[in-house]
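These notes are about the structure you will find just below.
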2 protein chains.
Amino acid sequence: MSRNNAGLTEDRIITEALRIIDGQGLRRLTMRRLGDALEVEAMAIYHHFPLGKEQLFDAIVAYVSDVARPAADEGGADGAGGEADSDGEEREPAAPDPRPWDERLRAWAADYRRALLAHAQALPLFIHRRPDTEAAMRSLEVLYAAFTEAGLAGADVVRAAAALDSYVTGAVVREVRAEGLPAQRPAALDGRFPHVTALREVRPDPEAVFTAGLDALLRALTAPAASA
Amino acid sequence: MSRNNAGLTEDRIITEALRIIDGQGLRRLTMRRLGDALEVEAMAIYHHFPLGKEQLFDAIVAYVSDVARPAADEGGADGAGGEADSDGEEREPAAPDPRPWDERLRAWAADYRRALLAHAQALPLFIHRRPDTEAAMRSLEVLYAAFTEAGLAGADVVRAAAALDSYVTGAVVREVRAEGLPAQRPAALDGRFPHVTALREVRPDPEAVFTAGLDALLRALTAPAASA
DNA sequence: ACCTGAACACCGTTCAAGT
DNA sequence: ACCTGAACACCGTTCAAGT
């Protein structure tokens, strides 16, 4: 009786794909391996993602980008009881966040960074894909609303949101790139690089680096004289 | 007589690989296709990159990251006359850049952004690879020297350089992600996203967005009270 | 509707061989 | 030293078929 209808859902496929990506790396995510992990023939996946692997990648990006997602069964128990049927439920204009605008922006940045770092191996997928989802729209609305409340208007709002998004994305890439490299090769540190040599031992905490840059950027973006 | 010694060099291989990546996309760069483009059997490439495709990818990242490279034969004529034998020549401590520190930082940012945008299709390679080259060290030295000249010291210098690098990297990713998406779906723009709706028509010039964010960040990083 | 199984046109890489 | 050619163990995807 377990021949057909193996209980495949998009969510189960995405979650399992992310488990493989996180554990073994993006390049080891193959349709055949994913099928094995789901205890299904690889070709069964095409029934849920008819456009193949590219469509699966799009779905993974959208999934990870949805920062506000409950984030329940990631890596813990299996996702046997979580039917995520969330249509038709959130039509109201979303209860306004009571926190001041700068706290909201900091929270957004922290959440976004955390979501990306949690699936660092999937990051290459994010470069040429932008999720066209309500969650993405919600994110943009949060940024625009906060910067407007901070006193900006028009193009300044759009520019500020772009700068903040750039910074967080780049910071995550930076943190991920730093991993797995042998600090600084002392071999190459000769007289041509005096400043690098002098600061060789300075390794500030990554989280502190992120926060310091974020603070500086937010301060500058919302300073009264910021309309260039 | 043209059976052996087809004149393969690392540089020729990298340049041709980049041409394929830029023209057809990263996924279409295969060893066989690259061999065809070089008019050589695919397996010949392994003689110059014994560790295979991964090593070739590393070399591509190092090549593109070397912003100060002459940048001659990219896409123009073929590279028949450019033997880049540059060892043992640059031992002197590099003539100091006469420009003020903020100009140097802006120039670095502009150069880096341009280099990345010129090979946007190769960007996914940059996420988990950091070139361990002299050129990379030179870049870091430029940043550290400029921020020191701006009045920072110690961890503040490292943090400022990290923030600037994050911003530029993220800005490029942002610009690349923006391509090929149909603006904003008016379908999803209902009452829940009033700010996004209001700013729908505001599409500032990408270059201006980049510069505005860069200016704001530099201002904040080098402001007297920036030592958090 | 949902999944299987065989098949096709590719991959990256190894290895022995040529010159 | 530098390149070739065949071979191996994979890929993604199509397509006809099963239930």
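Reminder, nothing fancy here: chain letters follow the sequence lines and each chain counts from 1.
In terms of the ring-ring contact (aromatic ring centres under 6.0 Å, His included) criterion, A:Phe147 has no residue partners (sequence neighbours excluded). Every residue two or more places apart in sequence or in another chain was checked for a ring-ring contact (aromatic ring centres under 6.0 Å, His included) with A:Phe126, and none qualifies. The ring-ring contact (aromatic ring centres under 6.0 Å, His included) search around A:Tyr112 returns A:Trp108, not counting sequence neighbours.
Annotation: the span from B:Ile13 atom CD1 to B:Tyr63 atom OH amounts to 13.0 Å, rounded to 0.5 Å. Distance CZ/A:Arg19 to CD/A:Gln24: 11.5 Å, rounded to 0.5 Å. Note: B:Gln55 CD to B:Glu10 CD = 7.5 Å, rounded to the nearest 0.5 Å. Rounding to the nearest 0.5 angstrom, the gap separating the NE2 atom in A:His128 from the CG atom in A:Asp58 is 13.0 Å.
We find that A:Glu16 and A:Arg33 are not joined by a salt bridge, their nearest charged nitrogen and carboxylate oxygen being 4.0 Å or further apart.
Counting to the nearest Å, the P atom of D:dT4 and the NE2 atom of B:His47 are 12 Å from each other. For the pair A:Arg27 CZ and D:dG12 C1', the interatomic distance rounds to 16 Å; values are reported in whole Å. If you take OH of B:Tyr46 and C1' of D:dG5, they are 15 Å apart, rounded to a whole angstrom. Distance, A:Glu10 CD to C:dC2 P: 11 Å, rounded to whole Å.
A heavy-atom distance below 4.0 Å to DNA chain D is reached by these residues of residues 29-45 of chain B, ordered by number: B:Arg32, B:Val40, B:Glu41, B:Met43, B:Ala44. Near-neighbour residues of DNA chain C inside residues 48-56 of chain A, defined by a heavy atom below 4.0 Å, number-ordered: A:His48.
Contact between A:Glu175 and A:Pro206 at its shortest, heavy atoms only, is OE1-CB, 4.0 Å.
Under a cutoff of 6.0 Å and an axis angle of 45°, B:Arg113 and B:Phe210 form a cation-pi pair.
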DNA chain C in dot-bracket form (Watson-Crick or G-U pairs under 3.5 Å, [ ] crossing, | inter-strand) is ||.|||||...|||||.||
